Amino acid sequence: MAVGWFLGQIPGTSGFQDFPLAEQWNGSTWTVLPAPAPRHPGGGELLSSVSCSGNTSCMAVGETQVEVPPGVTNLHPFAESWNGTKWQVVPTPKLANTGASLSGVSCTSGTGCMAVGSEGTLRNPTLFTLAEQWNGSAWRVVTTPPPLTPGATGLSTVSCTSPSACMAAGFFGFNNGTGTSLTLAEQWNGTKWQIRTTPNPGSSAVLGGVACTAPGACMAVGGHAMQTGNLVRATLAEQWNGTGWKTLPTPNPADAGVSFFNRVSCPGAAACMAVGAGTDQTGEVGFNEAASWTGTGWKLLPTPNPGSTSNELHGVSCTSPSRCMAVGDFAGIGNELTLAESWNGTKWSVVKTPRP
């Protein structure tokens with residue numbers, strides 16, 4: 001199951017909004033599934049992450065965008081569940097603050113999910129990290145630790161191996177003036193969230209994806225700033241062994257000016273696949289990136305780039321080291337389009353996706 005969003009016209013009106021998008025893979029083709037969307041002209045609903053505990057049980061999270069005059073968009077958490085037949089909106093708790101969104105979710109069963117994101121004010125929705133827990137009938141807010149230093153903060157991703165064992169990752173201390181931030185990891189033990197210190201290579205770094213195979217075995221990926229050379233931003237991977245995080249060497253394309261990982265999937269402790277994107281040194285052409293972890297090192301893998309100007313892989317899910325599906329988008333001279341690519345253990349290939 002893959003989720004996202006598309007811009008469309010509101011039926012029966014001349015207005016446009018963002019609509020949630022869900023597509024299902026049956027082993028040979030992708031199919032668009034109807035996903036409900038409350039009407040919000042000029043705003044809409046976006047889905048950022050999905051987790052399925054079975055063929056008939058998925059949870060997707062994201063944000064509702066409500067345009068507040070004059071031209072300010074207010075964000076609220078948004079969630080939808082899949083029962084094998086249809087998607088339906090699931091109410092999320094009313095928050096104490098006015099702006100918030102959910103960016104990652106992980107489910108261990110149909111009655112157990114953890115979602116993470118950020119919460120804040122109308123004009124600054126990233127003042128605090130946010131976590132919400134699903135018990136099969138309702139979402140509830142779970143308290144997260146306050147920011148370590150002043151600046152924007154948020155959790156981008158979460159991975160749970162049981163209802164009492166989750167790891168979330170993201171950033172904190174973002175400075176809008178310099179564009180710098182620091183990596184953040186928080187661990188859930190079934191009762192509370194605790195910050196776990198993470199390395200920060202370079203002057204700025206962020207974690208975008210995390211995957212755990214056990215409470216004491218996680219891989220997180222993202223990007224970090226480079227001090228010298230033509231590569232100004234490089235890929236980042238950090239490994240959790242149950243007591244601490246350590247940085248792992250990661251590859252970058254030789255001609256890249258910017259290179260980063262968005263998400264990671266680990267079908268085994270010694271097998272992970274990370275995907276992301278980069279740009280050339282002119283900053284004008286974007287390309288997909290994928291790298292595999294064998295337990296001893298990361299290896300960059302060639303990926304197709306159907307777009308002439310922009311290509312980016314946002315998510316990946318692997319059922320084995322030789323079977324992965326990655327999704328994202330690409331663009332040329334025209335609209336941005338959905339993208340899916342499959343890994344067969346030897347190479348990545350583009351898989352056709354329908355347009356909503």
Side-chain angles (χ1 to χ4, degrees), residues 1-6 21 23 25 30 48-50 103-104 156-157 206-211 219-224 226 230-237 248-267 271-294 297-319 321-355:
M1 189 73 75
V3 298
W5 61 274
F6 69 95
L21 173 62
E23 298 193 9
W25 173 254
W30 285 98
S48 303
S49 178
V50 64
S103 55
S156 306
T157 180
V206 62
L207 295 173
V210 68
M219 186 72 74
V221 298
H224 70 93
M226 298 290 287
N230 294 323
L231 184 64
V232 297
R233 186 181 180 192
T235 55
L236 173 64
L248 301 173
T250 54
N252 297 279
D255 59 345
V258 171
S259 179
F260 56 91
F261 293 140
N262 283 322
R263 288 291 192 267
V264 63
S265 178
C266 300
C272 298
M273 185 69 74
V275 300
T279 61
D280 64 10
Q281 293 173 8
T282 69
E284 296 178 355
V285 178
F287 48 81
N288 296 317
E289 291 187 18
S292 62
W293 168 254
T294 61
W298 285 95
K299 178 184 178 182
L300 204 63
L301 303 172
T303 52
N305 290 287
S308 59
T309 61
S310 174
N311 300 270
E312 184 170 358
L313 295 173
H314 298 285
V316 63
S317 181
C318 302
T319 55
S322 60
R323 188 177 292 273
C324 301
M325 185 69 75
V327 295
D329 59 73
F330 71 95
I333 307 301
N335 292 333
E336 197 172 36
L337 302 173
T338 55
L339 172 65
E341 299 191 2
S342 65
W343 169 254
N344 64 3
T346 304
K347 67 176 183 178
W348 284 97
S349 303
V350 173
V351 179
K352 184 179 178 181
T353 54
R355 295 183 63 181

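FYI, side chains are in, hydrogens and waters are out, and symmetry mates aren't considered; it's all heavy atoms of this structure. Quick caveat: nothing in here was measured; it's all calculated off a predicted structure.
Minimum interatomic distance between Ser49 and Ser103 (heavy atoms only, all atoms of both residues): CB-O, 3.4 Å. Summarising the geometry of Gly208 relative to Ser156, their closest heavy-atom pair is O-CB, 3.9 Å, with the distance given to 0.1 Å. When every heavy atom of Leu248 is checked against every heavy atom of Trp298, the shortest pair comes out as CD1-NE1, 3.8 Å. Residue Ala277 comes nearest to Glu312 through the heavy atom pair CB-CG, 3.4 Å, listed as atom of the first residue, atom of the second, then distance. The two atoms that bring Val50 and Ala2 nearest to each other are CG1-CA, 4.5 Å, heavy atoms only. When all heavy atoms of Val264 and Cys266 are compared, the pair lying nearest together is CG2-SG, 4.2 Å.
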Which pairs would a plain distance check flag for residues 326-338, meaning a side-chain donor or acceptor within less than 3.5 Å of a matching protein atom at least two apart in sequence or in another chain?
residue, atom, partner, partner atom, Å
Asp329, OD2, His314, NE2, 2.5
Thr338, OG1, Thr353, OG1, 2.7

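Remark: Asn311 pairs with no residue by the side chain to side chain donor-acceptor pair (under 3.5 Å) rule, at least two apart or across chains. For Thr309, there are no side chain to side chain donor-acceptor pair (under 3.5 Å) partners at least two apart in sequence or on another chain. Considering only residues two or more places apart in sequence or on other chains, Thr235 meets the side chain to side chain donor-acceptor pair (under 3.5 Å) condition with Thr250, Asn252. A search for side chain to side chain donor-acceptor pair (under 3.5 Å) contacts involving Thr346 returns nothing, not counting sequence neighbours. Every side-chain contact (heavy atoms from CB on, under 4.5 Å) that Thr319 has, sequence neighbours left out, goes to Arg323.
Side-chain N or O atoms of Asn305 include one that pairs as donor or acceptor with a backbone N or O of Thr303 at under 3.5 Å. Using a distance-only test at 3.5 Å, with no hydrogens or angles considered, no donor-acceptor pair links the side chain of Trp30 to the main chain of Val351.
A donor-acceptor pair shorter than 3.5 Å can be found between the side chains of Glu341 and Asn288.
Leu313 contributes atom CG, which lies 12.5 Å from atom CZ of Arg263 (distance to the nearest 0.5 angstrom). Remark: Lys299 NZ to Thr294 OG1 distance equals 9.0 Å, nearest 0.5 Å. Distance CZ/Phe261 to CE/Met219: 10.0 Å, rounded to 0.5 Å.
The sulfur atoms (SG) of Cys318 and Cys272 lie 2.5 Å or more from each other.
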